[in-house]
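Each remark here refers to the structure printed beneath this line.
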Amino acid sequence: MEKTQANIRINELTGILNDANRRYYVENSPTLSDYEFDMLLKELEALEKEYPEFAAPDSPTQKVGSDLLRTNGKVQENGKEFEQYPHRYPMLSLGNTYDISEVEAFAERAEKGIGNSFTFSCELKFDGTAICLTYRKGKLFRALTRGDGTVGDDVTRNVKHISNIPQVLTNGPWPEEFEIRGEIYMPWAAFDRLNEERLKDEEQPFANPRNAASGSLKLIDSGMVANRGLECTLYHMLGENLPFTTHDEALKAAAHWGLPVSDKRMICSGTEDIETFIKYWDTERKNLPFATDGIVIKVNELPYQEELGYTAKFPRWAVAYKFKAEQALTKLLSIDYQVGRTGAVTPVANLEPVQLSGTVVKRASLHNAEQMQLLDIHIGDYVYVEKGGEIIPKITGVELSQRSSDVTRPVFPECCPDCGTRLVKDEAEAKSFCPNSDGCPTQIQAKLVHFLSRKAMNIIAGDATVEQLYNRALVWNIADFYELTKEHLLTLEGWKERSAERFLKSIDESRKVPFERVLYALGIRYVGETTAKSIARHFGSIDKIENASLETLLEVDDVGDVIAESIVRYFKDEMNLDTIARLKAAGLQFETEEAPQALSETLKGKIIVISGNFSISRDEMKALIVAHGGKNSGSISGKTSYLLAGEKPGPEKIRKAESLGIEIIDEARFRSMTGMTDTAAATEEEPTLF
Ligand code: IVH
């Protein structure tokens with residue numbers, strides 16, 4: 001390649017890869033497949049080798065992708081925040097390859113470097129998010145994410161909700177202090193369950209279990225982490241003067257102390273054994289209950305690991321062999337356009353049934369019109385399907401060499417396939433919507449079904465009942481359920497006295513369903529189960545949510561622009577207000593039980609930023625500020641009145657407050673300011689471990 005061209009390409013690749021890294025590690029929504037990323041990275045490496053003068057100082061070839069939510073004091077896009085701590089030993093990545101001959105080359109290099117006989121430890125490459133646990137005196141002291149490799153986010157509180165991570169070790173003695181690194185991952189079953197819920201709520205499903213794991217690990221509300229079904233596996237112990245001579249011994253000891261270590265390992269003496277292990281797991285991995293994307297091959301003897309050392313990014317004593325994603329080629333028979341609860345129209349491909357990763361695939365997602373165009377897909381084409389981890393697989397490409405002359409270009413409908421209303425396009429989401437939310441039969445019925453569902457009002461009725469009630473014009477609006485009588489129900493086909501009574505009893509019992517679930521049941525776009533919980537707890541009543549400004553809504557953890565705007569839009573609609581009024585009259589819960597009451601006006605006009613941990617949860621602290629007439633804000637500016645600093649406040653926040661001359665107060669001071677001197681009366685605290 002010519003010099004100027006090389007320069008241009010290096011800049012281009014650096015930009016693409018840095019952006020892809022951010023999308024992957026920070027936003028948990030990857031833009032490139034692993035394979036595409038690895039290939040572009042290899043291209044950049046080769047070019048930088050030839051033209052080192054053009055390599056950017058922040059080249060992705062020189063650093064590990066950063067998962068930090070805050071870099072250089074700037075909170076990244078999703079605005080969440082954790083305290084950050086430096087890693088004692090840099091937390092590196094692994095060199096990887098898709099080519100078995102490069103594994104052989106790695107083994108040869110190691111043999112040459114070591115000169116003596118040694119062994120390899122072959123292990124599964126777990127597809128999750130890296131974690132570093134520190135144990136002190138047999139107790140879990142701290143859990144850090146990889147971060148940028150030098151500094152990690154402190155996720156200890158969240159990690160304590162992962163059931164297979166022991167907070168206290170068994171079978172001592174253990175080293176006074178050691179680190180053990182591994183992966184937090186989400187098994188397929190938990191992943192499918194989570195995505196099913198997200199799809200039901202028309203929230204973007206996670207692209208794969210790794211993104212789901214990393215997104216879940218960084219949830220602000222640690223209580224929610226417990227429900228996500230995360231697991232941990234540990235594969236690398238570090239510390240000063242550890243009493244082991246091999247990696248295998250260290251892992252066996254860890255397992256003995258009660259730490260989760262995979263038994264799917266093998267000590268190999270050379271490339272032949274390594275290849276047997278790789279071949280075995282390339283097939284067997286499909287039967288594992290979790291995702292693996294390859295095999296890691298490590299030099300087993302610790303002194304030899306030390307001898308081989310590290311590059312800036314990788315250990316020289318280990319390499320990852322990555323499996324290619326499984327694909328199948330099949331014929332596209334037709335495309336359905338499905339209308340969801342919120343009116344989003346999704347193209348779904350009907351395929352000639354084909355075997356893929358142990359299941360028969362008949363349908364695949366095409367996401368949106370843009371994706372169809374990008375693939376230039378035609379009905380009758382042979383298409384590649386991949387199971388990226390989604391519940392329904394996706395179409396990743398078209399085999400043009402097999403296109404026949406009778407294929408037809410699909411036309412994305414301009415009108416709703418159900419009610420005929422002209423669709424509107426949401427540019428930001430590249431999705432088409434049927435705007436007739438109050439008249440489109442599919443949308444209405446889907447909303448009714450959602451309202452009744454187990455996690456919403458938990459009223460015992462299925463889709464068929466909803467269809468019956470809808471078709472007989474007995475229920476068109478969620479509030480209509482509360483006006484149903486036994487006489488109404490007995491006019492329906494197949495209904496008997498007993499079934500009608502049971503249904504009415506279940507409706508009656510739903511009047512006790514707590515506010516957070518009622519809020520979820522309303523079916524506000526993007527307000528899923530967890531978001532509804534956060535919002536309900538933050539505001540305490542529907543009236544407060546109705547009157548909340550966009551800005552106030554954004555103060556709630558887990559609420560971003562899209563959700564906040566959707567809520568504001570919902571409450572602007574007269575019809576929704578009318579529904580709420582009817583539901584209120586029917587006796588549903590529209591306040592949390594412990595609704596934050598106005599306690600005083602002592603903080604009137606004060607804007608308070610909080611940082612660190614308190615004797616109560618951060619959400620409760622925010623609610624207290626509001627209850628005393630103050631305002632809570634996420635970031636410090638000239639307008640901030642106080643920085644309320646708890647335990648371990650963010651150093652950036654402290655620095656910024658100091659530089660702007662903003663008064664920093666602690667919890668005791670806050671309590672005395674607001675006349676709440678009884679700190680001990682604060683809500684029950686999670687037991688501190690150390
Ligand atoms: S050892 C010094 N072993 O894969 C690096 N890593 O793509 C030591 N990973 O950063 C890492 N399974 O997060 C190791 N059995 C395993 C692994 C593993 C998954 C992850 C790890 C690493 C990434 C590289």
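In this structure, CD on Gln445 lies 8.5 Å from CG on Asp418, to the nearest 0.5 angstrom. Between atom NZ of residue Lys447 and atom CG of residue Leu522 there is a gap of 11.5 Å, rounded to the nearest 0.5 Å. The distance from atom CD1 of Ile625 to atom NZ of Lys631, rounded to the nearest 0.5 Å, is 12.0 Å. Here the straight-line distance linking atom NE2 of His488 with atom CD of Glu483 works out to 9.0 Å at 0.5 Å rounding. Rounding to the nearest 0.5 Å gives a distance of 8.5 Å between CD of Glu591 and NZ of Lys584. Residue Leu624 holds its CG atom at 11.0 Å from CG of Asn632, rounded to the nearest 0.5 Å.
Judged purely by distance below 3.5 Å, without hydrogens or angles, the side chains of Gln371 and Asn368 never pair a donor atom with an acceptor atom. Using modelled atom types, one finds a donor on one side chain and an acceptor on the other under 3.5 Å when comparing Ser549 with Thr552. Side-chain atoms of Thr592 and Arg537 include no donor-acceptor pair closer than 3.5 Å. One side chain, Asp336 or Asn350, offers a donor N or O that lies under 3.5 Å from an acceptor on the other. Looking only at atom types and distance, the side chain of Asp406 has a donor-acceptor partner in the side chain of Ser404 under 3.5 Å away. Donor-acceptor pairing under 3.5 Å is lacking for the side chains of Glu529 and Tyr520.
Salt-bridge annotation for Glu467 and Arg472: absent, with no side-chain N of the basic residue lying under 4.0 Å from a carboxylate O of the acidic one. Using a 4.0 Å cut-off between charged nitrogen and carboxylate oxygen, Glu509 and Lys505 count as a salt-bridge pair. The residues Lys455 and Glu197 are annotated as salt-bridged, a charged nitrogen and a carboxylate oxygen being separated by less than 4.0 angstrom. A salt bridge does not link Lys622 with Glu555: none of the charged nitrogens is closer than 4.0 Å to a carboxylate oxygen.
Judged purely by atom type and a 3.5 angstrom limit, Asp578 has no side-chain atom pairing as donor or acceptor with the backbone of Glu574. No donor-acceptor distance shorter than 3.5 angstrom exists from the side chain of Asp192 to the backbone of Ala189, with no hydrogens or angles considered. Checking side-chain atoms of His378 against main-chain N and O of Asp376 turns up a donor-acceptor pair under 3.5 Å. Remark: side-chain polar atoms of Gln468 are paired, donor with acceptor, to backbone N or O of Glu493 under 3.5 angstrom. Proximity of a side-chain donor or acceptor of Arg517 to a complementary backbone N or O of Ala456 within less than 3.5 Å is detected. At distances below 3.5 Å, at least one donor-acceptor pair connects side-chain atoms of Asp480 with backbone N or O atoms of Asn477. Gln443 places no side-chain N or O within donor-acceptor distance of the main-chain N or O of Pro435, the cut-off being under 3.5 Å. Under the 3.5 Å distance criterion, the side-chain polar atoms of Thr129 are left unmatched by any main-chain donor or acceptor of Ile184. Looking at Arg511, its side chain does come within 3.5 Å of a backbone N or O of Ala586 through a donor-acceptor pair. In terms of modelled atom types and a separation under 3.5 Å, the side chain of Arg525 and the main chain of Tyr570 share no donor-acceptor contact.
For the pair Phe206 and Leu194, the minimum side-chain heavy-atom distance is below 4.5 Å. Residues Val398 and Tyr382 fail the side-chain proximity criterion, which asks for heavy atoms closer than 4.5 Å. Two residues are said to be in side-chain contact when any heavy atoms from C-beta on lie closer than 4.5 Å; Val466 and Val475 fail this criterion.
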> Passes side chain to side chain contact (heavy atoms under 4.5 Å, CB included), Leu351 versus Lys362? Steps please.
Replying inline: CA-CA 5 Å; Leu351 306 166; Lys362 293 185 210 137; 5.7 Å; no
> Taking it one step at a time, do Ile131 and Cys232 satisfy side chain to side chain contact (heavy atoms under 4.5 Å, CB included)?
Replying inline: CA-CA 9 Å; Ile131 192 76; Cys232 179; 4.3 Å; yes
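Heavy-atom minimum distance, Leu554 versus Gly560: CD2-C, 3.4 Å. Nearest heavy-atom pair across Val155 and Leu217 is CG1-O, 3.9 Å. Nearest heavy atoms, Phe126 versus Glu183: O-OE2, 3.3 Å. Summarising the geometry of Thr292 relative to Arg285, their closest heavy-atom pair is OG1-CB, 3.4 Å, with the distance given to 0.1 Å. Taking all atoms of both residues into account, the shortest heavy-atom contact from Val159 to Ala143 is CG2-CB, 3.7 Å. A pairwise comparison of heavy atoms in His450 and Ala521 identifies CD2-O, 3.4 Å as the closest pair.
For Lys331, the NZ atom sits in a loose shell: 12 or fewer heavy atoms of surrounding residues, nucleotides or ligands are nearer than 6.0 Å.
Proximity of the aromatic rings of Tyr337 and Phe412 is defined here by a centroid distance below 6.0 angstrom, and this criterion is met. No close placement of the Trp281 and Phe323 rings is indicated, their centers lying 6.0 Å or farther apart. For Tyr470 and Trp476, the gap between ring centers is short of 6.0 Å.
Note: Tyr482 and Phe451 have perpendicular aromatic rings, judged against thresholds of 30 and 60 degrees for the angle between ring planes.
Taking the ring centre of Tyr185 as origin, the terminal cationic atom of Arg210 falls outside the region bounded by 6.0 Å and 45° from the ring axis.
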